[in-house]
Amino acid sequence: MKILFVASEVVPFAKSGGLADVAGALPKALKKLGHDVRIVMPRYYIIDKEKYRLKPLEGSLGVPLGSYGELWAQIYEGLLPGSDVPVYFVEHEAFFGRKGLYDENGYAYIDNDNRFIFFSKAAMQVAKKLRFKPDIIHCNDWHTAAIPLLLNTQYAYDKDFENSATLLTLHNLQHQGRFYKGAMDVLGVGWEHFNYEELEDFDGVNLLKGGIVHSDAINAVSRKYAQEIKTQEFGWGLEGIMQKYQNKLFGILNGVDYEEWNPAIDPLITQKYDHDNMKGKKVCKKELQETFNLPQREEVPVIGLVGRLAEQKGITLLSQSIAQMLHMDIQIVLLGTGEKWAENFFSDIAAKYPDKFACYIGYRNDLAHQIEAGSDFFLMPSLFEPCGLNQIYSLRYGTLPIVRATGGLDDTIENYDPLSGSGNGFKFYDATPQALLGTVEWAVKTWYENPQAMQHLIHHAMQQHFGWEDAAKAYEDIYHYASSKRKCRQYQ
Ligand code: ADP
Ligand code: GLC
């Protein structure tokens, strides 16, 4: 199949979260299955053209942007490192020549509607320029959710897209691309689509909603999340639409790129190790304690945490239980950036408990790897988690996840059962500080009192495999489903 994979962030070029990990790995796995995959992403200012050897395509690309008329873009071509998957970068200084991807200093760019509607249209134009007639256009999140709508309207009679079906992957329903209704004029698809069944949402435009309605298939990034988003608790107002379109809604768990996240070959950690030889993990732990200025004690359990400091990640629960948690003989290492109150709060905790709690406020990939390798437990108390990648990385690093049973966390973590000794982590259900605290206490008690059970859990966790091969095959099935739906529609 010819697959146009469109995403707003792709590892290693630009990343704010797990979407980039997925967009940098799934296309490689699809390519291995024999598909012709091309990625399109914005050329943000931070992407170094020389480092990645990006070559400009000849001529510039015209992008019709509704009431703004035609704008121009330069397209650069490169390769996804470690593969022969082509990546096309859309360069347009006024929209992407900035420091951030979506925001700066905590404030979202006010023209994000124009930026990503432009990007969505540019992706269609890139396909035309390349004479690449996609069988599938695989869109991701709200940034590219305008594409299914565009395909059904402006490009409906375009021969280049006559066989193109769309899949929209939902990585996070909280972010929907809600804008002032003037965005209709930028889309330029006609105000008849501004109605409650399509784009309208509280008198504004909701790009994700439009994408859900207009795509041939949709999928969430875990089975559990595909169920959850049909409920009021997790639907962020779109639960009705999710229920309405549940027949075309699937759940596919993300995989892991084990070339990136594997302690046996990880160049970013102090000493490599695997489940047969765990000596290296002890060295990594010592090094981590040193890096974070914590006492170098082998016997104390280290709990790691890496992630966006956003409400989604359960930071309030953590803030409400941390003081009590630190009564135990434990060490916590946190790496994250996000909400200002949380950055300040956790920095204060670090100052107050220098022997027990350390944090780095910022974004550091090397530290993320070192925390995976040097910790004994990995904490993810998320309120909701569409998939979550760090808990799956942790399994391979022999760092037992302590998670809340939601979304992908629930799908991937099997609770420790003291009777049979089975499981790969520790799980709690209620979104309360008490439940979080109780489960951390349980994990710590197991560490101190039952080293054998710990070893068994770690051994099991490290041998589990969540590769992209299986996920890519599941995507293949959905592509076929979407294509057949598109064909049926053509004959109607
Ligand atoms: P989300 O996409 O909701 O942020 P995921 O668990 O899917 O959550 O993916 C987060 C990814 O971003 C992981 O690869 C994680 O290591 C990385 N990450 C998050 N915050 C940081 C940070 N401060 N420094 C380095 N890497 C980070
Ligand atoms: C989102 C979700 C996260 C998921 C990631 C990749 O950012 O918050 O749970 O793992 O997308 O699909």
*Given side chains that start at C-beta, do those of Phe346 and Leu318 come closer than 4.5 Å, heavy atoms only?*
yes
_Ion pair Lys15/Asp21, N-O distance below 4.0 Å_ = yes
_Pairwise side-chain contact, Leu4 with Tyr88, heavy-atom cut-off 4.5 Å (strictly under)_ = no
*Establish, from distance only, whether the side-chain atoms of Gln176 and Lys209 form a donor-acceptor pair under 3.5 Å.*
no
*Between Asp160 and Lys128, is the closest basic N to carboxylate O distance under 4.0 Å?*
yes
*Look at the aromatic rings of Phe250 and Tyr481 and report parallel, tilted or perpendicular, splitting at 30° and 60°.*
perpendicular
*Using a strict cut-off of less than 4.0 Å between a Lys/Arg side-chain nitrogen and an Asp/Glu carboxylate oxygen, indicate whether Asp257 and Lys28 qualify as a salt bridge.*
yes
_Side chain proximity check, Phe13 to Phe89, heavy atoms < 4.5 angstrom_ = yes
*Taking side chain as C-beta onward, heavy atoms only, is Leu400 less than 4.5 Å from Ile402?*
no
_Glu385: which of Lys224, Lys313, Arg404 passes salt bridge (Lys or Arg N to Asp or Glu O under 4.0 Å)_ = Lys313
*Report yes if some heavy atom in the side chain of Leu54 is under 4.5 Å from a heavy atom in the side chain of Glu77; otherwise report no.*
no
*Between the main-chain N or O of Gln370 and the side-chain N or O of Glu372, is there a donor-acceptor pair closer than 3.5 Å?*
no
*Looking at Glu162 and Lys133, does any basic side-chain N land under 4.0 Å from a carboxylate oxygen?*
no
*Is Arg38 salt-bridged to Asp36, going by a charged N under 4.0 Å from an acidic O?*
yes
*Please check if the distance between the ring centroids of His92 and Phe118 is under 6.0 Å.*
yes
_Lys NZ or Arg CZ of Arg364 over Tyr360 ring: under 6.0 Å, within 45°_ = yes
*Check whether any side-chain heavy atom of Leu30 sits under 4.5 Å from a side-chain heavy atom of His35, and report yes or no.*
yes
*Answer yes or no on whether Arg98 is positioned over the face of Tyr44, meaning its NZ or CZ is under 6.0 Å from the six-membered ring centre and within 45° of the axis.*
no
*Any side-chain heavy-atom pair from Lys272 and Pro263 closer than 4.5 angstrom?*
no
*Shortest non-hydrogen contact from Glu311 toward Ile315*: N-CD1, 4.0 Å
